Visitor: 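My questions will all concern the structure given below.
Because the structure is a prediction, the values reported are computed rather than measured. Numbering of residues begins at 1 and proceeds along the displayed sequence. Because only heavy atoms are used, hydrogens play no part in the values below, and waters and symmetry mates are left out as well, while side chains stay in.
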Amino acid sequence: LSLKFGDVGSLKGLVIRFLLTTSYYELSVPNWFSLHRLQLLYNHSIQATFNATRIYAPASYSYHCEHVSSLQRYDALLIPSSANDLSKLWEVTFTDFQIQGFNIQEGHFSYAKDCASFFSPAILMGLVMSLILLLVLAYALHMLIHLKSLDRHYECKASPAYFAQMKDNDMGDEKEPLRSSGNESYELRNQEFCKIYI
């Protein structure tokens with residue numbers, strides 16, 4: 001699969017060639033295609049060759065990736081074919097890359113297999129934060145379960161107050177206050193005191 005730039009200014013004569021292969025695996029029902037190699041040609045001579053890694057999809061699908069690049073910051077899916085090759089002098093990056101080599105219908109891409117892994121940095125960070133929140137919740141529940149309630153025990157005892165002389169045998173709960181005429185006193189028969197233990 002060749003991508004030619006035609007008469008686009010200084011890119012005239014530049015061709016990007018994608019070498020695609022199709023394979024069949026015994027444990028897989030559909031055939032798979034993969035991008036085997038990428039070549040940069042200028043004026044009909046090969047300038048650089050990159051081996052492609054992890055760029056594959058079922059033959060009836062297309063392959064899509066946000067970045068396909070030879071740079072490490074984009075996960076370097078394109079690797080120079082040899083140390084002596086001129087590809088070391090080239091930096092290649094495709095943005096919003098999508099390719100399909102086989103089973104193309106009506107000039108449109110089929111359903112795309114995306115290169116994004118299930119454990120991207122954002123997903124891993126979300127999982128770590130969820131784990132931290134679960135640990136905090138578990139600790140809070142543990143503290144609530146083992147929280148001791150304030151158990152109150154009341155102990156009330158009848159304690160009548162006795163004084164030296166009684167006025168008379170009136171059995172009322174509370175007698176009249178002392179008169180100024182003599183040494184009279186009264187008794188509170190139902191006086192109680194309570195102790196509270198916490």
Side-chain angles (χ1 to χ4, degrees), residues 1-140:
L1 180 65
S2 294
L3 178 63
K4 298 180 180 179
F5 288 89
D7 296 332
V8 183
S10 61
L11 296 178
K12 184 177 181 180
L14 177 64
V15 177
I16 301 176
R17 182 182 294 169
F18 302 93
L19 294 147
L20 301 164
T21 59
T22 182
S23 305
Y24 174 75
Y25 301 99
E26 293 182 1
L27 299 178
S28 177
V29 175
N31 290 338
W32 288 70
F33 84 89
S34 61
L35 177 60
H36 180 64
R37 188 171 294 160
L38 181 141
Q39 292 178 337
L40 300 176
L41 291 84
Y42 191 74
N43 291 334
H44 305 288
S45 63
I46 297 175
Q47 299 294 316
T49 303
F50 296 90
N51 292 328
T53 59
R54 304 192 310 260
I55 301 178
Y56 54 84
S60 58
Y61 287 28
S62 64
Y63 174 87
H64 175 265
C65 197
E66 188 66 28
H67 293 98
V68 172
S69 175
S70 62
L71 303 177
Q72 288 297 328
R73 68 172 177 266
Y74 295 127
D75 203 16
L77 296 176
L78 301 175
I79 301 171
S81 60
S82 66
N84 298 327
D85 195 2
L86 293 176
S87 56
K88 288 283 187 182
L89 304 176
W90 289 76
E91 291 181 355
V92 180
T93 300
F94 297 99
T95 303
D96 198 17
F97 178 81
Q98 189 167 1
I99 191 170
Q100 181 177 350
F102 310 97
N103 301 323
I104 299 172
Q105 297 178 359
E106 299 179 359
H108 297 289
F109 285 115
S110 299
Y111 178 81
K113 175 190 176 294
D114 204 278
C115 67
S117 64
F118 291 106
F119 293 102
S120 64
I123 293 174
L124 286 175
M125 197 64 183
L127 289 174
V128 169
M129 292 303 296
S130 299
L131 181 61
I132 291 172
L133 290 176
L134 282 175
L135 288 175
V136 170
L137 179 62
Y139 179 74

Visitor: I'd like to know if the side chain of Ser34 and the backbone of His36 have a donor-acceptor N/O pair within less than 3.5 Å.
Guide: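 Between the backbone of His36 and the side chain of Ser34 there is no qualifying donor-acceptor contact (under 3.5 Å).
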
Visitor: With sequence neighbours excluded, what pairs up with Ala112 under the side-chain contact (heavy atoms from CB on, under 4.5 Å) test?
Guide: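 Counting only residues at least two positions away or on another chain, Ala112 forms a side-chain contact (heavy atoms from CB on, under 4.5 Å) with Ser62, His64, Gln98.
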
Visitor: Measuring from Arg17:CZ to Leu40:CG, what's the distance to the nearest 0.5 Å?
Guide: 10.5 Å

Visitor: Using side-chain contact (heavy atoms from CB on, under 4.5 Å), reason through Leu38 and Ile16 one step at a time and then give a plain yes or no.
Guide: CA-CA 7 Å; Leu38 181 141; Ile16 301 176; 4.1 Å; yes

Visitor: If you measure from CG on Leu77 to NE2 on His67, what distance do you get to the nearest 0.5 Å?
Guide: 11.0 Å

Visitor: With under 30° as parallel and over 60° as perpendicular, where do the rings of Phe94 and Phe18 fit, or are they tilted in between?
Guide: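 Ring orientation of Phe94 relative to Phe18: tilted.
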
Visitor: Please find the pair of heavy atoms, one from Asn31 and one from Tyr24, that lie closest to each other, and give the distance.
Guide: OD1-CD1, 3.1 Å

Visitor: Does any N or O in the side chain of Gln100 come within less than 3.5 Å of the main-chain N or O of Ser110, such that one atom is a donor and the other an acceptor?
Guide: yes

Visitor: For Tyr111, is the OH atom crowded, meaning more than 12 foreign heavy atoms sit under 6.0 Å from it?
Guide: no

Visitor: So which heavy atom on Cys115 is nearest to which on Glu66, and how close?
Guide: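 The pair with the smallest heavy-atom distance is SG-N, 4.1 Å.
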
Visitor: Ignoring hydrogens and geometry, is there a side-chain-to-backbone donor-acceptor pair from Thr49 to Gln39 under 3.5 Å?
Guide: no

Visitor: Could you tell me the separation between the CG atom of Leu124 and the CE atom of Met129, rounded to the nearest 0.5 Å?
Guide: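 These two atoms lie 13.5 Å from each other.
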
Visitor: Closer than 3.5 angstrom, by distance alone: can the side chain of Thr22 be matched with the main-chain N or O of Trp32 as a donor-acceptor pair?
Guide: yes

Visitor: Does a donor on one side chain and an acceptor on the other come within less than 3.5 Å for Ser45 and Gln47?
Guide: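 Yes, Gln47 and Ser45 have a side-chain donor paired with an acceptor closer than 3.5 Å.
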
Visitor: Go through the steps for Leu78 and Asn51 under the test side-chain contact (heavy atoms from CB on, under 4.5 Å), then give the verdict.
Guide: CA-CA 6 Å; Leu78 301 175; Asn51 292 328; over 6 Å; no

Visitor: Taking all heavy atoms of Phe33 and all of Ile99, pick out the closest pair and write down the distance.
Guide: CZ-O, 3.7 Å

Visitor: Measure the spacing between CG of Leu3 and CG of Leu41 and express it to the nearest 0.5 Å.
Guide: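 It comes to 11.5 Å.
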
Visitor: Starting at CD1 of Ile79, measure out to CZ of Phe50 and round the result to the nearest 0.5 Å.
Guide: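 Output value for this atom pair is 10.5 Å.
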
Visitor: Can any side-chain N or O of Ser70 pair as donor or acceptor with the backbone N or O of Val92 at less than 3.5 Å?
Guide: yes

Visitor: Between atom CD1 of Ile55 and atom CG of Leu35, what is the distance when rounded to the nearest 0.5 Å?
Guide: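 The CD1 atom of Ile55 sits 5.0 Å away from the CG atom of Leu35.
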
